[in-house]
Protein chains: 2
Amino acid sequence: MQRTQSAVRYSEEEEVLARIAKALAHPVRVRILRLLLSESCCFTGQLTDFIPMAQSTVSQHLKVLLEAGLIQGDINPPKVRYCVNRENWAKAEAVMKAFFVLPVLGQCDCS
Amino acid sequence: MQRTQSAVRYSEEEEVLARIAKALAHPVRVRILRLLLSESCCFTGQLTDFIPMAQSTVSQHLKVLLEAGLIQGDINPPKVRYCVNRENWAKAEAVMKAFFVLPVLGQCDCS
DNA sequence: TGGCTTGATCGTATATTTACGATGAACTAA
DNA sequence: TTAGTTCATCGTAAATATACGATCAAGCCA
């Protein structure tokens, strides 16, 4: 059994899926995405009305989603309107689906 | 705009999805799951042959997946055989699917 | 101009994650 | 019993994530 490291290289799929998952890995970001998805259109700082957290914290989570490409912002001072990035959202869905579609093969007598 | 906190409560769905996503949020864990899924059956420490990391680190990642319920281990000393927990895997797939199935509603003129 | 609103960013504290080597526990084989 | 194998756990270091208040920037309105 190998016991030391030797430069880990991940495949594109591994990296991409992990990156998407990381963006979804906090309940507040899940909520933000659901709010953006369920509203008829984009959203603004009303987000902070639905999310009982400091404004700066919400902004930080928005940044994470933004950097993951899952949302985009329309700067319209003094307001900013956020919405789901449809293209990347579809990509994320496809990546997730492809991952879960892998069948659990064969029989296994694990306890 | 709200600027201070006031006890954040998340819905079950928000918590569950974030928990699953967190388990998938590292490329090595994605790889481990793919290995377990693609092999005809369970797996053992051969994992460390496919993953160039310290054995203790792989074990740590296995623990994360284990605690998320995505895999299970069959202790068969001195070996341990891991496999995907089919039931929870199906649940995870359902939760993910339900999340992504939310349509991106309406039109949006975000930049 | 001065003050208001919105929202990002900064500085900071704390918690969690990630990685490693070393060690320990459990069982097998000699 | 002794030695070897497999794998978890411990201890630790470094990086990242999370949350907050304070502040800054941009634009509005009076």
Side-chain angles (χ1 to χ4, degrees), chain A residues 1-10 14-15 18-19 21-32 35-36 42-68 71-83 110-111, chain B residues 1-10 14-15 18-19 21-32 35-36 42-68 71-83 110-111:
Chain A
M1 186 159 39
Q2 191 161 4
R3 288 200 177 251
T4 44
Q5 82 296 349
S6 68
V8 191
R9 292 294 304 142
Y10 299 109
E14 284 160 357
E15 299 266 21
R19 193 150 50 238
K22 203 165 195 171
L24 303 180
H26 192 295
V28 130
R29 292 197 289 269
V30 174
R31 177 174 300 183
I32 290 172
L35 286 168
L36 292 181
C42 313
F43 234 72
T44 79
Q46 306 148 314
L47 281 173
T48 54
D49 296 338
F50 286 91
I51 299 170
M53 277 181 149
Q55 176 266 329
S56 59
T57 307
V58 173
S59 191
Q60 218 167 3
H61 284 295
L62 285 169
K63 192 177 177 183
V64 171
L65 292 172
L66 208 53
E67 283 172 350
I71 65 174
Q72 63 192 135
D74 174 28
I75 298 171
N76 203 328
K79 301 206 177 187
V80 176
R81 197 158 43 153
Y82 283 103
C83 63
C110 278
S111 50
Chain B
M1 184 164 41
Q2 191 163 4
R3 288 201 176 251
T4 45
Q5 83 294 347
S6 68
V8 193
R9 293 294 305 144
Y10 299 110
E14 284 160 358
E15 298 267 21
R19 194 151 49 238
K22 202 166 195 171
L24 304 180
H26 192 295
V28 129
R29 293 198 288 269
V30 173
R31 178 174 298 183
I32 289 172
L35 286 168
L36 292 180
C42 312
F43 233 72
T44 79
Q46 306 149 314
L47 281 174
T48 53
D49 296 337
F50 286 92
I51 299 170
M53 279 182 150
Q55 176 265 329
S56 59
T57 306
V58 173
S59 191
Q60 219 166 1
H61 284 295
L62 285 168
K63 192 177 178 183
V64 171
L65 292 172
L66 208 52
E67 284 172 350
I71 64 174
Q72 63 193 132
D74 174 28
I75 298 172
N76 203 328
K79 302 206 177 184
V80 175
R81 199 161 39 154
Y82 283 102
C83 64
C110 280
S111 52

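A, B, ... follow the sequence lines: proteins, then strands. Residue 1 opens every chain. Values below: all heavy atoms of this structure, side chains included; hydrogens, waters and symmetry mates excluded.
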N or O in side chain of A/Y82 less than 4.0 angstrom from C/dA8 OP1/OP2 |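 Yes, within the criterion.
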
What is the distance from [atom1] of [X] to [atom2] of [N], rounded to the nearest Å?
X     : N      : atom1 : atom2 : answer
A/L47 : C/dG7  : CG    : P     : 9 Å
B/K63 : C/dT18 : NZ    : P     : 13 Å
B/E67 : D/dA8  : CD    : C1'   : 12 Å
B/N76 : D/dT6  : CG    : C1'   : 11 Å
A/Q55 : D/dA22 : CD    : P     : 13 Å
B/I75 : D/dT5  : CD1   : P     : 21 Å
A/L66 : C/dA8  : CG    : P     : 9 Å
B/H61 : C/dT17 : NE2   : C1'   : 9 Å

Measuring from B/E67:CD to B/K22:NZ, what's the distance to the nearest 0.5 Å?
->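 Spacing of CD (B/E67) from NZ (B/K22) equals 11.5 Å.
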
Distance from B/I51 atom CD1 to B/L35 atom CG, nearest 0.5 Å?
->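 Answer rounded to 0.5 Å: 5.5 Å.
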
Residues which pass side chain to side chain contact (heavy atoms under 4.5 Å, CB included) with [X], listed by chain and number, not counting sequence neighbours:
X     : answer
B/S59 : B/Q55
A/E14 : A/Y10, A/S11, B/P27, B/V30, B/R31, B/R34
B/Q46 : B/F43, B/T44, B/D49

Report the residue (A/P78 or A/T57) whose heavy-atom-nearest nucleotide on DNA chain C is the more 5′ of the two.
->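 Upstream on the strand: A/P78.
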
Closest to the B/K79 side chain: D/dA19, D/dT6, C/dG21?
->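 Among D/dA19, D/dT6, C/dG21, the one nearest the side chain of B/K79 is D/dT6.
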
Taking C-beta and beyond as the side chain, do B/L62 and B/L47 meet within less than 4.5 Å on heavy atoms?
->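 Yes, close enough: below the 4.5 Å cut-off.
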
Pull out every protein N or O sitting under 3.5 Å from an N or O of nucleotides 13-17 of chain D, one pair per line with the distance.
unit_1: D/dA17; atom_1: OP1; unit_2: A/K22; atom_2: NZ; d: 3.4

Answer yes or no: side-chain N or O of A/S56 and base N or O of D/dG21 forming a donor-acceptor pair under 3.5 Å.
->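 Yes.
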
side-chain hydrogen bond (donor to acceptor under 3.5 Å, both in side chains) partners for B/H26, two or more places apart |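 Here no residue qualifies.
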
